[in-house]
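Have a look at the structure below, then the notes.
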Amino acid sequence: MKKLFFIVLILALALVFTNAYADSANVLRFAKFNSDNGNKFSVNFDEDGNIRNVINNDVNAYSAKQSKRSENELVTDAIKFLEKNSDLISGVEVRDLRVENVSASNNITHVLFSHYYKNKKVFDSQVSVHINNASEVVMLNNALSPIGKVNSVATVISHDKALEIAKKHIKCQGERIKSKAANVIYSKNKIAFETVKVELASKDPLGDFVFVINAANGEVIECFDIMFHAKKEEQTEPKYPQGTIYMYHPMKGDVISEPIINLTNPGKGLVGKWVTVVNEDTAPAVLNAAGNYVFDANDTHFDEVNAYYHTNKVHDFVAKYGFTGLDRSIKVTVHYGTKYDNAFFSPMEGAIALGDGNRLNDLAKEESVIYHEYGHAVTNAMVYMPYSSESGAINEAFSDYLACTMTEDSMVGEWAVAKMNKPFLRNMDNKTHYPEDIQNEVHYDSNIYGAGLWDLRKAIGAEATDKIMHFSRNYLKGIKNQKFTDGVNALIAADKEFYRGINAETIKKVFEARGIKAKPLTASSGPVVDALKFEALNGNKEAKQMLENIENGNVK
């Protein structure tokens, strides 16, 4: 009877792991890693049962104030961590990883690695290590795609042929900038293909399209658009030209005159250190006789001045966090297209465009639209987030939050949609709830995560929320198709880094009230304990010892 009970238990546990984690092996790998590191980590798994991320629960690790090591030393330490704990990263060899990007915030250095196979990049396969200045790892994010069999081909289609296939696939009518192509490996379900990745900045249909094309037969394996479509200052020296703007959109204020700063060549149009404005309808604005950019609100050049002023303003807002990712003259086009009812940020061009409007009002006259699109540029400079599903919704929420916190107004797009007799495009102060309000459209779904951010702002204030939101992007690196729960974990990590975790419980409660529950598994969590029981019953002595430690109260 006892033997039969054990057989039934093993079969039941096997069923649990088949449904929840694929098998218990990855749970055991985490449990062993955690046991070796003082059981201070928690874990999340992806839908395939791989380790999605590992999070250090020791809040002090995020603000370690020891002598700072150099960037090279920290990168080396991150590599050593991966080598020592290679079981955590989906069976990918550490020698096949290359450093893609290194950035630093307050006390944490964020190291992003890309995956290569025989000197070819593996599409969308990355891992990130987040390490403090004492070389302690505070987070590991894993989005690696293991490679099993590679279907090699004798003849690979040319880049020109791949571009031709891509253009035909979307019926492209012209490119905005020259397209790019590269040979990459595409891996799915441990089967890999030789492919060509094409980046096509299309004029019509408008978009930044990314293609993955089978190098053997020209089949389009993936195609997606990464373009982000929109749907009182200190006194300055009088040496600057004055310009007419709306500090807030036409429904909230009148035209005022403000200094136009950071111009690199006054008199040659609105071109400066942080923004270059292009008017698609006409030649650039010129200074008047008094040396100012003063125009009536109905003058086409007014929009150039307005876009220039507010792009400078949002640049300086995010620059206070030490962000230098957009310390260049970003191109902003006003009067884009013909009666174009939208605005967008193009990752491929690194540029913003503001449409004339037809059913909508002129988008260059609304500061929140400019701030929103610039927010996409900031996110794009800090972390790759696929523009679909929850990942795209978080991206949109980041942009809405930036616009709304700068204007002290929960509504975005009030002026843009006024012509349609609508009160706003989106309102962060809303009653949406997860998952019943998910519509699988990034702008709509952003209302849920965005509302959580706005609730957090009400709870802990703008200053703390602004900072936590900005730096949370760092902790989303190396996660594939980031989910709302990843976003919450990233906010908590940023709070640990900058505020010693004092807002962590508030963050959890605020987002749980919206239906978003981020609860990584710890050493003593039910699924981990069940995994250890399963392994112990199958004769794994390490699992049995770890289970005994938990049952004896030695591990929490």
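Computed over heavy atoms, backbone and side chain alike; hydrogens, waters and symmetry mates excluded.
- Put simply, the side chain of Arg514 never gets that close to the backbone of Tyr449: no donor and acceptor are under 3.5 Å apart.
- A salt bridge links Lys508 with Glu505: at least one charged nitrogen is closer than 4.0 Å to a carboxylate oxygen.
- Atoms CD and OG, on Glu175 and Ser202 in that order, are 8.0 Å from each other to the nearest 0.5 Å.
- A cation-pi arrangement is found for Lys320 relative to Phe317, the charged atom lying closer than 6.0 Å to the ring centre and inside a 45° cone about the ring normal.
- Annotation: side chain of Arg473 is not in contact with side chain of Met385 (no heavy-atom distance under 4.5 Å).
- Formation of a donor-acceptor pair under 3.5 Å by the Glu373 side chain with backbone atoms of Phe345 is found in this model.
- Under a 3.5 Å cut-off, the side chain of Thr324 and the backbone N or O of Asp327 do not form any donor-acceptor pair.
- Side chains of Glu414 and Asp409 form a contact here, defined as non-hydrogen atoms less than 4.5 Å apart.
- Looking only at distances, a side-chain donor or acceptor of Thr264 sits under 3.5 Å from a matching main-chain atom of Val271.
- Here the shortest heavy-atom pairing between Ala343 and Leu363 reads CB-CD2, 4.2 Å.
- The neighbour count for Glu463 CD, taken as heavy atoms of other residues, nucleotides or ligands under 6.0 Å away, does not exceed 12.
- Between the side chains of His110 and Ser105, at least one donor-acceptor pair of N or O atoms lies under 3.5 Å.
- Taking 4.5 Å as the limit, every side-chain heavy atom of Lys313 sits out of range of all side-chain heavy atoms of Glu367.
- Closest of all the heavy-atom pairs between Ala364 and Asp303 is CB-CB, 3.7 Å.
- Side-chain N or O atoms of Ser114 include none that pairs as donor or acceptor with a backbone N or O of Glu100 at under 3.5 Å.
- For NZ of Lys252, the number of neighbouring non-hydrogen atoms (other residues, nucleotides, ligands) closer than 6.0 Å is greater than 12.
- Within 6.0 Å of the NZ atom in Lys419, the count of heavy atoms belonging to other residues, nucleotides or ligands exceeds 12.
- Side-chain atoms of Glu280 and Thr333 include no donor-acceptor pair closer than 3.5 Å.
- Across every non-hydrogen atom of His372 and Ser399, the tightest pair is O-OG, 2.9 Å.
- Residues Phe511 and Thr485 have side chains not in contact (no heavy-atom distance under 4.5 Å, counting atoms from C-beta outward).
- Using modelled atom types and a 3.5 Å distance limit, the side chains of Tyr434 and Glu390 yield a donor-acceptor pair.
- No donor-acceptor contact under 3.5 angstrom links the side chains of Tyr374 and His315, judged on distance only.
- Other residues, nucleotides and ligands place more than 12 heavy atoms under 6.0 Å from the CG atom of Asp296.
- A donor-acceptor distance shorter than 3.5 angstrom exists from the side chain of Asn430 to the backbone of Asn427, with no hydrogens or angles considered.
- With contacts defined as side-chain heavy-atom distances shorter than 4.5 Å, the pair Leu456/Asn503 does not qualify.
- For the residue pair Ser389/Asn481, the side-chain donor-acceptor check at 3.5 Å is not satisfied.
- Between Lys161 and Glu164 there is a salt bridge, since a side-chain N of the basic residue sits under 4.0 Å from a carboxylate O of the acidic one.
- The two residues Thr276 and Ser329 have their closest heavy-atom pair at OG1-OG, 2.6 Å.
- The minimum heavy-atom distance between Ile177 and Met348, with the atom names listed, is CD1-O, 3.4 Å.
- Ring pair Phe209/Phe211 is tilted by interplanar angle, where 30° to 60° counts as tilted.
- Atom CD1 of Ile507 and atom CG of Leu453 lie 10.0 Å apart (nearest 0.5 Å).
- Between the Asp445 side chain and the Asn440 main chain, a donor and an acceptor come within less than 3.5 Å of each other.
- Of the possible donor and acceptor atoms, none in the side chain of Lys477 sits under 3.5 Å from a partner among the backbone N and O of His130.
- Taking the side chain as every heavy atom from C-beta outward, Tyr248 and Trp415 never approach each other to under 4.5 Å.
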Intermediate values then yes/no, side-chain hydrogen bond (donor to acceptor under 3.5 Å, both in side chains), Asp466 and Tyr401: CA-CA 8 Å; Asp466 292 355; Tyr401 180 85; 2.6 Å; yes

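- Counted by atom type alone, Tyr246 and Glu366 present zero donor-acceptor pairs between their side chains at under 3.5 Å.
- Judged by distance alone, the side chains of Asn106 and Glu497 never bring a donor and an acceptor atom under 3.5 Å apart.
- Using cut-offs of 30° and 60° for the angle between ring planes, the Tyr336 and Phe344 rings count as perpendicular.
- Contact between Met428 and Gly450 at its shortest, heavy atoms only, is CE-O, 3.1 Å.
- Side-chain N/O atoms of Asp281 and Thr300 include no donor and acceptor closer than 3.5 Å.
- Using a cut-off of 4.0 Å between Lys/Arg side-chain N and Asp/Glu carboxylate O, Lys431 and Asp437 are scored as not salt-bridged.
- When atom types are taken as modelled, the side chain of Thr195 and the backbone of Val184 share a donor-acceptor pair closer than 3.5 angstrom.
- Once rounded to the nearest 0.5 Å, the distance linking CD1 of Ile479 with CG of Asn489 reads 8.0 Å.
- Looking at Tyr387 and Glu396, their side chains come closer than 4.5 Å, going by heavy atoms from C-beta outward.
- Without hydrogens or angle criteria, Asn133 side chain to Arg69 main chain gives no donor-acceptor distance under 3.5 Å.
- A side-chain donor-acceptor contact under 3.5 Å links Glu222 and Tyr186.
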Test log, rule side chain to side chain contact (heavy atoms under 4.5 Å, CB included), inputs Val383 and Asn474: CA-CA 7 Å; Val383 56; Asn474 286 325; over 6 Å; no

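- With a 4.5 Å cut-off on side-chain heavy atoms, Tyr308 and Ile245 do not count as touching.
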Full working for side chain to side chain contact (heavy atoms under 4.5 Å, CB included) between Asp495 and Ile460: CA-CA 11 Å; Asp495 181 62; Ile460 68 174; 5.7 Å; no

